[in-house]
Amino acid sequence: MSVLPLVFTSGWASGINAYAVVLLLGVFGATGLADEVPASLQRTDVLVVAGVLFLCEVVADKIPYVDSVWDTAHTVIRPVAGAVVAALMAGESGSLPELAAAAVGGSTALMSHLVKAGTRMAVNSSPEPFSNIAVSIAEDLGVAGIVTFAIFHPVAAAAIAGTLLVLGIVTVAFLASRIRRYLRRRAQRREEKRLAGTGSRWPPD
């Protein structure tokens, strides 16, 4: 079977939590549960680094505003990770050209990352922290569940990932006003800090 469904699903999941994807695939490969996982993802040093970074993401992803800063820093990292994982899996299986796989994995990861980042901006427009924690836990469980499901049922998992991606895009479009509100607040806080450093007042008289 073509590795394309697994490439698509891993790309979608990488856009949400790339470290979890690398860690899960590496563990599945090392334990013999998945033949499609390349040996480079099963290395002990890769698993240790992915595990440490995953724990960092688990913490940062549940703190209001810190999660958005973390997302901004990972705007490049997540799509690149999705592309690399996809290319490695394609090269291992020989069923899909590596450049095509990298394009699919990277672009899917970028789209799901933008959905996640936009959703978090909307969530951060609310003053209470509990929604951040709930959304983060749902994302973690979703990534773990779908990546695990993809190992045994790649086509069905890819269909679920595609559906969630479309729903996410629709949700972000629906939450556009809350995202703009978050961006305005962030810009205002930056302006307040800048003026505080110069001794000026905000808002100006």
K.L.:
Would you say the side-chain atoms of Thr75 pair up with the backbone N or O of Asp71, donor to acceptor, closer than 3.5 Å?
P.N.:
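At least one qualifying donor-acceptor pair exists.
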K.L.:
Taking all heavy atoms of Ala90 and all of Ala101, pick out the closest pair and write down the distance.
P.N.:
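Where Ala90 meets Ala101 most closely, the heavy atoms are CB-CB, 3.4 Å.
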K.L.:
Would you find a donor on one side and an acceptor on the other, under 3.5 Å apart, between the side chain of Ser14 and the backbone of Ser10?
P.N.:
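Here the side-chain-to-backbone pair exists.
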K.L.:
Return the minimal non-hydrogen interatomic distance between Leu33 and Ile151, and the atom names on each side.
P.N.:
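The answer is O-CG2, 3.7 Å.
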K.L.:
On a heavy-atom basis, which atom in Phe8 and which in Ala158 lie closest, and how many Å separate them?
P.N.:
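Phe8 and Ala158 have their closest heavy atoms at CE2-O, 3.6 Å.
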K.L.:
In plain terms, say whether Asp67 and Lys116 are close enough for a salt bridge, that is, a side-chain N and a carboxylate O under 4.0 Å apart.
P.N.:
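A salt bridge is absent here (no side-chain N lies under 4.0 Å from a carboxylate O).
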K.L.:
Between Gln42 (side chain) and Val27 (backbone), is there a donor-acceptor pair under 3.5 Å?
P.N.:
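Not a single qualifying donor-acceptor pair exists.
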K.L.:
Does Thr108 use its side chain to pair, donor to acceptor, with the backbone of Gly11 at less than 3.5 Å?
P.N.:
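Pair absent, no side-chain N/O of Thr108 close to backbone of Gly11.
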K.L.:
For a side chain to side chain contact (heavy atoms under 4.5 Å, CB included) check, start with the C-alpha distance between Tyr19 and Cys56, then their side-chain angles and the critical distance, and finish with the verdict.
P.N.:
CA-CA 10 Å; Tyr19 306 125; Cys56 292; over 6 Å; no
K.L.:
Write down the atom of Leu47, the atom of Gly26, and the distance for their closest heavy-atom approach.
P.N.:
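Answer, listing the atom of Leu47 first, then Gly26: CD2-CA, 3.6 Å.
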K.L.:
Out of curiosity, Arg78 CZ to His113 NE2, how far, rounded to the nearest 0.5 Å?
P.N.:
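Arg78 atom CZ to His113 atom NE2 measures 5.5 Å (nearest 0.5 Å).
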K.L.:
Can you tell me if Leu99 has over 12 outside heavy atoms packed within less than 6.0 Å of its CG?
P.N.:
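No, CG of Leu99 has 12 or fewer neighbouring heavy atoms, counting only those of other groups under 6.0 Å.
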K.L.:
Indicate the atoms forming the closest heavy-atom contact of Leu88 with Pro38, along with that distance.
P.N.:
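It is CB-CG, 3.6 Å.
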K.L.:
Consider only side-chain heavy atoms of I, L, V, M, F, W and Y, link residues closer than 4.5 Å, and tell whether Val84 and Val143 are in one cluster.
P.N.:
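Both belong to a single hydrophobic cluster.
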K.L.:
Can you tell me if Ser107 uses its side chain to pair, donor with acceptor, with the backbone of Val104 under 3.5 Å?
P.N.:
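Yes; at least one donor-acceptor contact below 3.5 Å.
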K.L.:
Going hydrophobic residue to hydrophobic residue with side-chain gaps under 4.5 angstrom, can you get from Ile146 over to Leu165?
P.N.:
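Yes.
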K.L.:
Which atom pair, heavy atoms only, marks the closest approach of Thr9 to Ala157?
P.N.:
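Here Thr9 and Ala157 meet closest at OG1-C, 3.6 Å.
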K.L.:
Is a salt bridge present between Lys62 and Glu57, judged by a nitrogen-to-oxygen distance below 4.0 Å?
P.N.:
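The answer is no: the pair does not qualify as a salt bridge.
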K.L.:
Whether the side chain of His153 engages the backbone of Phe149 through a donor-acceptor N/O pair (distance < 3.5 Å, no angle test) should be reported.
P.N.:
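Pair absent, no side-chain N/O of His153 close to backbone of Phe149.
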